[in-house]
Chemist: 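After the structure tokens below, expect a handful of questions from me.
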Amino acid sequence: MASQRVKTSARIATVPVLLSLLTSGTGCGDAGPGDTAEGPGTPLVSVTAAASDANLYDSFTRANSANLGSLEQGGQAWKFIPSGVTWGVTVGRAYLLTDDGTWYDHYATVSATADVRVLVTLSTLGQYSGLTFRFVDRANCWKLATDTAAGKYYLTKYVGGTQTFPLQINQAPVAGDVLEVRTSGNRIDVYINGVFKGGVNDATHQTAVRVGLLGSQDNLARFDEFRVYTTPGTRDATLQPFRSDSVWNLPIGKSATYADTTDPATRDFIGTSVNGVNITTWANWDTYSHPITLASSSDPWATVTDYNDSWRSGTYYVPATAAIAAGSDKHMHVINPERTFIDEAWSTTRQSTTAYRVGRHHKIDLYGNGTGPQNGVRAYGGSAIGGLIRAWETTPTHPKYTGRIQHPLAVAVDRAQLYYSSGASGYDANGYGTAKGYVWPATEQDWGSETTYKGQVPMGAYFAIPPSVDITALGLTAEGRMVAQALQDYGAYVTDATGGCVAFYVEPTAPSSFVNNLRRDLPLIRSKMRRVTNNSSSTPNAPGERRVPMVPSLAPSP
């Protein structure tokens, strides 16, 4: 069986001269990552069960109006301060419509809690605009606001009309920035675009519960995606990352439609001989998997040099003993000391404890959606740890163990199974692959797919076990039933290419007993999987009420 776990070919975009050196190998390894340019990914669309996993939510996707109205989720009407000013909606964005003729701050607020996580997207910049929290009145509150003239953000405290600036963020505001504040007790932390920017310990207005939008007399700011989490999240981002509505956490919809075995993609996915290649089923674990290491600020500060694209190089804390996966893929994934990001690396060589050479590196937001483009080192364009079966999920003695896997899984298939439709390998201006065949949520496919892909399974295709299948009647081990149940409740995404098999991924620190039983059951499990035909960016993980409850929201970082 060892021959099933050998590395397959890699993809290089900007260094094509190296392609011939990096496309050898066979067996059930992980396909090497391709290169894309930075660009916006396809946004996730709200699921049918709820507009958002936030307790209070407003996307402002309603008709233009001179009245901001009420929250889309949470049942509250917006309150304006000072009285007499007007907030409205234009082109799906909230804005200050009429002011009080002064350059003082203007607010639209709702009632939440003192300990809160509040986010808003600043779609269009305005001077001194942003969000407010622990709001009492105009003279007593906190705010996170732009200073476009200075090219900074300020965390500002008002007490009796006097303002001070406990935190100054030297980052120029940009349209589209996501502003976020998390409060707990006397602690206030600030994030911009999911990146931690600093925090303060301050008990001022600690019991105030209102939060909301902040605008000024220039009337330029436009706001989108207002989210408030009043109940602290409980999910640990280091154990199960990404947003609750990410494709990597969202349960399958009850209105999912399942192809039958005559469907070309399903036929090739479950096939045991496809285009002259014998296809087995495997779980990559001891080789070609994705080890995850937690870093601390006492670890070496290392330079990680991307030898394909220097702009992707980085410097971050890397433990001297950080795990590098066995096999030629050599993945190394390190979670930062703040527990907010994971630095993913492929084809890693440790030159010293402070110097690494890698084929591709990306920094991934554990509080983001985990998909691309340029948001991970796997072939589909997203995070390498999305869909990974984690050790804590498979270890009964772990304090978080539930006996269930509560997220979709990642699978890789042979190039004889993968689908190519048109176009040459390359990338458009937004970083999406120009060699086509992939489907959402994939944003690319293997470099050279135009000559190596021979089948009908698109990169990014979504498969699941239909609800008509009685998993308990299949004669599976407990470990196999756990995975089969996850495939029925959450499904699986095709994220990579292998050689000679369909491969699932288990964290290397998972128990060998789990993996051995799973490997025994996987051929039968794969034979029951079918392509979900109505999965898309507008109906992520298929439409309808979720088959099982959504996972809890993420807890604030430590």
Side-chain angles (χ1 to χ4, degrees), residues 1-12 19-20 22-34 258-284 288 327-329 378-381 409-426 433-439 442 444-465 487 491-505 519 522-533 535:
M1 298 294 283
S3 63
Q4 292 183 324
R5 295 165 288 164
V6 180
K7 167 70 173 68
T8 61
S9 62
R11 300 172 299 140
I12 302 297
L19 186 61
S20 62
L22 294 169
T23 54
S24 61
T26 60
C28 269
D30 201 14
Y258 300 84
D260 61 28
T261 56
T262 63
D263 167 66
T266 299
R267 180 198 63 211
D268 281 5
F269 182 83
I270 65 175
T272 57
S273 179
V274 180
N275 293 316
V277 177
N278 291 328
I279 306 295
T280 59
T281 318
W282 193 246
N284 284 339
Y288 300 110
S328 54
D329 283 347
R378 297 199 89 165
Y380 77 109
L409 305 183
V411 293
V413 303
D414 191 277
R415 284 171 175 78
Q417 298 166 281
L418 282 165
Y419 174 66
Y420 163 79
S421 62
S422 63
S425 291
T434 50
K436 301 296 185 177
Y438 63 86
V439 296
E444 58 180 284
Q445 59 199 40
D446 287 286
W447 187 266
S449 62
E450 58 266 45
T451 60
T452 59
Y453 284 14
K454 304 297 182 182
Q456 297 296 319
V457 180
M459 184 70 74
Y462 185 47
F463 290 86
I465 295 178
L487 291 170
Y493 279 100
V494 175
T495 61
D496 249 319
T498 63
C501 77
V502 172
F504 294 75
Y505 292 84
R519 285 172 172 171
L522 276 176
L524 176 58
I525 291 172
R526 175 167 68 101
S527 74
K528 303 299 180 182
M529 296 173 69
R530 302 292 183 265
R531 188 179 183 187
V532 177
T533 59
N535 178 56

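The structure presented is a predicted model; accordingly, all values stated were derived computationally and were not measured. Computation of the quantities below employed the complete heavy-atom set of this structure, encompassing side-chain atoms and omitting hydrogens, waters and symmetry-equivalent molecules.
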Chemist: My understanding is that only residues two or more places apart in sequence, or in another chain, count here; which of them pass side chain to side chain donor-acceptor pair (under 3.5 Å) with Asn275?
Modeler: none
Chemist: Whether the side chain of Arg531 engages the backbone of Arg267 through a donor-acceptor N/O pair (distance < 3.5 Å, no angle test) should be reported.
Modeler: no
Chemist: Phe463: which residues meet the ring-ring contact (aromatic ring centres under 6.0 Å, His included) condition with it, sequence neighbours left out?
Modeler: Phe269
Chemist: Which heavy atom in Tyr258 sits nearest to a heavy atom in Ala464, and how many Å separate them?
Modeler: CE2-CB, 4.0 Å
Chemist: Please list, chain by chain and in numerical order, all residues satisfying side-chain contact (heavy atoms from CB on, under 4.5 Å) with Lys436, sequence neighbours excluded.
Modeler: Ser421, Ser422, Tyr438
Chemist: Apply side-chain contact (heavy atoms from CB on, under 4.5 Å) to residues Val411 and Phe504 and explain how you reach the verdict.
Modeler: CA-CA 5 Å; Val411 293; Phe504 294 75; 3.2 Å; yes
Chemist: I'd like to know if the side chain of Asp414 and the backbone of Gly500 have a donor-acceptor N/O pair within less than 3.5 Å.
Modeler: yes
Chemist: Thr533: what forms a side-chain contact (heavy atoms from CB on, under 4.5 Å) with it, not counting sequence neighbours?
Modeler: Thr257, Ala259
Chemist: Could you tell me which non-hydrogen atom of Ser449 sits nearest to which non-hydrogen atom of Ala435, and how far apart they are?
Modeler: OG-CB, 3.6 Å
Chemist: Work out which heavy atom in Glu444 is nearest to a heavy atom in Ala379; give both atom names and the distance.
Modeler: CG-O, 3.3 Å
Chemist: Under the side-chain contact (heavy atoms from CB on, under 4.5 Å) test, which residues partner Ser527, sequence neighbours left out?
Modeler: Leu524
Chemist: Would you say Tyr420 and Gln445 make side-chain contact, with heavy atoms under 4.5 Å?
Modeler: yes
Chemist: For Tyr505 and Ala412, work out which heavy atoms get closest and say how close.
Modeler: OH-CB, 3.3 Å
Chemist: Restricting to side-chain contact (heavy atoms from CB on, under 4.5 Å), what partner residues turn up for Pro523, sequence neighbours left out?
Modeler: Thr281
Chemist: Begin with the C-alpha distance, continue with both residues' side-chain angles, and end with the deciding distance and a verdict on side-chain contact (heavy atoms from CB on, under 4.5 Å) for Asn535 and Val439.
Modeler: CA-CA 10 Å; Asn535 178 56; Val439 296; over 6 Å; no
Chemist: Which residues pass the side chain to side chain donor-acceptor pair (under 3.5 Å) test with Asp268, not counting sequence neighbours?
Modeler: none
Chemist: So which atom in Gln456 and which in Ala265 form the shortest heavy-atom distance, rounded to 0.1 Å?
Modeler: O-CB, 3.3 Å
Chemist: Among Asn284, Val413, Thr280, whose side chain to side chain contact (heavy atoms under 4.5 Å, CB included) with Cys501 holds?
Modeler: Thr280
Chemist: Any chance you could measure Arg415, atom CZ, to Thr452, atom OG1, to the nearest 0.5 Å?
Modeler: 5.0 Å
Chemist: Are the side chains of Arg530 and Thr261 in touch, meaning some heavy atoms are under 4.5 Å apart?
Modeler: yes
Chemist: By side chain to side chain donor-acceptor pair (under 3.5 Å), which residues pair with Glu450, not counting sequence neighbours?
Modeler: Ser425
Chemist: Answer yes or no: is there a side-chain heavy-atom contact under 4.5 Å between Asp446 and Leu418?
Modeler: yes
Chemist: To the closest 0.5 Å, what do you measure between CD1 (Ile279) and CD (Gln417)?
Modeler: 4.0 Å
Chemist: Output all residues satisfying ring-ring contact (aromatic ring centres under 6.0 Å, His included) with Tyr493, sequence neighbours left out; order by chain, then residue number.
Modeler: Trp248, Tyr462
